[in-house]
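Here the structure comes first, spelled out in structure tokens, and everything after it is commentary.
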Amino acid sequence: MNSKKHVILIAVGPVQPFIAAARKISDLASGSILLSRMSKTVARILNGAHCELVFPCPERLPDDLDPESDFGVANKILAVTRIGSDPAEIVRQVRQALEDDRMKLYAKVLKEIGEWDLDRFVDAERFHSQGGDYGEFYAVWVELGPDYKEACMRAEQLLAGRKMLRDFREPRWSTVDGKGQGLPKNRLDGARETVFNDASAKSKLVRDNIIKLNEHLDALGLVKRWHGRSLKTADAKRRKSFDTLSEVALVPYLVGIRTSSEGVQELLSSALASFAELGEPKHEINSLLFEDRFEVWTLENPGKCADELVVKARRALHRLYEKTRGGPQGY
């Protein structure tokens, strides 16, 4: 029996790739909540495995550590084992629980997609194979001596060193009978293959505005997007929807136009009116004020409307740019 106490420090992630791989603000919000869910799972298992939680320190145990609670937890969890506990076995239990919770979440999302009659547009086998491949989990432990601060500092050093190492393993999803070969990659980070069978205008995922036309997502991208939809529903009493990244990035540009001469405002109205003639949904019209978005739209929607309408919209956009001495900044 182990007669010592240990400091256990665990980090889950990744954090930065969650931020980078997001097209909508709802993706960012969903990613943050999913990271917090992973951390709550770690904290919940540590709390029930003969450990004393140091961080986080919830007031209501175990309710705050429930996966569906509103309690937020950062991606680092610190705990102290009790005498007689094996830190290696505790970490093994935590890792297994994290894997089980992740697969449970993926199964829940796939079930809901089926209830919406969307499962025929998603490759379930590829979705599940990618589900077990994702996530970072780093754990270190240090024997707790008379100096608690020194033990914590040593644990931080070991964790930093562990993060510098990389595991190079064959991806699970690439071994599914070679079905991943020749498929489009996830548009947000290019790492994994799409889980969609169809992302064309025929897909109900596109028609229901869950994904954009030809927007391919991997399993995690779909989980975040689907979870983001439920966030909108739960948040409906406080707000109608999440702002889009385009709307946020356009704010300085539009404020500048409102405070400038009346002629510029007329050019803006003319450009927006010409975008509406293209048949673009009202909630997407503002995004076409970015020239690169406009050109992508013309490539993705060939023949959607008469060529003269596209030329008219492009000219209206360029006239606006000439008056404002350039277009809006992306970020």
Side-chain angles (χ1 to χ4, degrees), residues 2 4-19 21 28-109 130-144 148 151-167 169 172 219-220 223-224 227:
N2 196 326
K4 299 287 187 180
K5 289 185 177 182
H6 290 79
V7 170
I8 295 181
L9 182 59
I10 296 177
V12 297
V15 177
Q16 283 82 4
F18 258 104
I19 297 172
L28 290 173
S30 177
S32 297
I33 291 174
L34 292 177
L35 275 173
S36 179
R37 177 189 176 113
M38 293 167 64
S39 298
K40 282 188 286 190
T41 298
V42 171
R44 185 173 69 254
I45 302 304
L46 287 175
N47 182 63
H50 305 294
C51 291
E52 296 179 21
L53 279 177
V54 178
F55 185 83
C57 186
E59 295 181 357
R60 300 177 303 151
L61 283 172
D63 293 347
D64 281 342
L65 299 182
D66 183 85
E68 305 301 331
S69 75
D70 293 331
F71 184 68
V73 180
N75 72 315
K76 275 188 180 181
I77 302 92
L78 181 66
V80 175
T81 67
R82 294 189 175 95
I83 294 176
S85 300
D86 181 3
E89 175 59 22
I90 291 174
V91 168
R92 188 198 66 78
Q93 293 176 18
V94 170
R95 186 162 197 163
Q96 185 60 52
L98 195 60
E99 176 80 8
D100 293 344
D101 184 68
R102 180 166 62 243
M103 297 311 295
K104 180 180 178 181
L105 174 64
Y106 275 53
K108 177 175 179 283
V109 168
Q130 289 185 10
D133 180 76
Y134 181 79
E136 291 179 356
F137 179 88
Y138 302 110
V140 298
W141 55 90
V142 176
E143 185 177 304
L144 179 60
Y148 171 76
C152 289
M153 291 178 62
R154 178 58 179 160
E156 288 284 1
Q157 292 173 345
L158 290 174
L159 184 64
R162 175 62 185 89
K163 286 184 175 182
M164 294 297 291
L165 301 176
R166 292 291 182 268
D167 295 329
R169 302 172 182 171
R172 300 184 191 182
L220 177 65
V223 168
K224 289 196 294 183
H227 194 252

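Along the sequence shown, residues are numbered consecutively beginning with 1.
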| Do the side chains of M153 and E156 get nearer than 4.5 Å, heavy atoms only? | no
| Closest approach of L46 and C51, non-hydrogen atoms and distance? | O-CB, 3.0 Å
| request: Answer yes or no: is there a side-chain heavy-atom contact under 4.5 Å between W141 and T81? | output: no
| Do H227 and V109 come close enough that some side-chain heavy atom pair is under 4.5 Å? | no
| field | Shortest non-hydrogen contact between K224 and G31, atoms and distance | value | CD-CA, 3.8 Å
| said: Nearest 0.5 angstrom please: L144 CG to H6 NE2, how far? | reply: 9.0 Å
| message | Measuring only between side-chain heavy atoms, which start at C-beta, is N47 closer than 4.5 Å to R44? | response | no
| query | Are more than 12 heavy atoms from other residues, nucleotides or ligands located less than 6.0 Å from atom CG of D70? | reply | no
| request: For residues K76 and L159, determine if any side-chain heavy atom of one lies less than 4.5 Å from a side-chain heavy atom of the other. | output: yes
| Is there a side-chain contact between F137 and V91 (heavy atoms, below 4.5 Å)? | yes
| request: Not counting sequence neighbours, which residues clear ring pair (Phe, Tyr, Trp, His ring centres under 6.0 Å) with Y106? List them please. | output: F127
| task | Would you check if L34 and L105 make a side-chain contact, meaning some heavy-atom pair closer than 4.5 Å? | result | yes
| said: Can a donor-acceptor pair be found, under 3.5 Å and without considering hydrogens, that links the side chain of K40 to the backbone of S69? | reply: yes
| Can you tell if the side chain of L53 reaches within under 4.5 Å of the side chain of L65, non-hydrogen atoms only? | yes
| Shortest non-hydrogen separation from S36 to V73 and the atoms involved | OG-N, 3.0 Å
| message | Give me the atom names and distance for the closest heavy-atom approach of P67 to D101. | response | CG-OD1, 4.2 Å
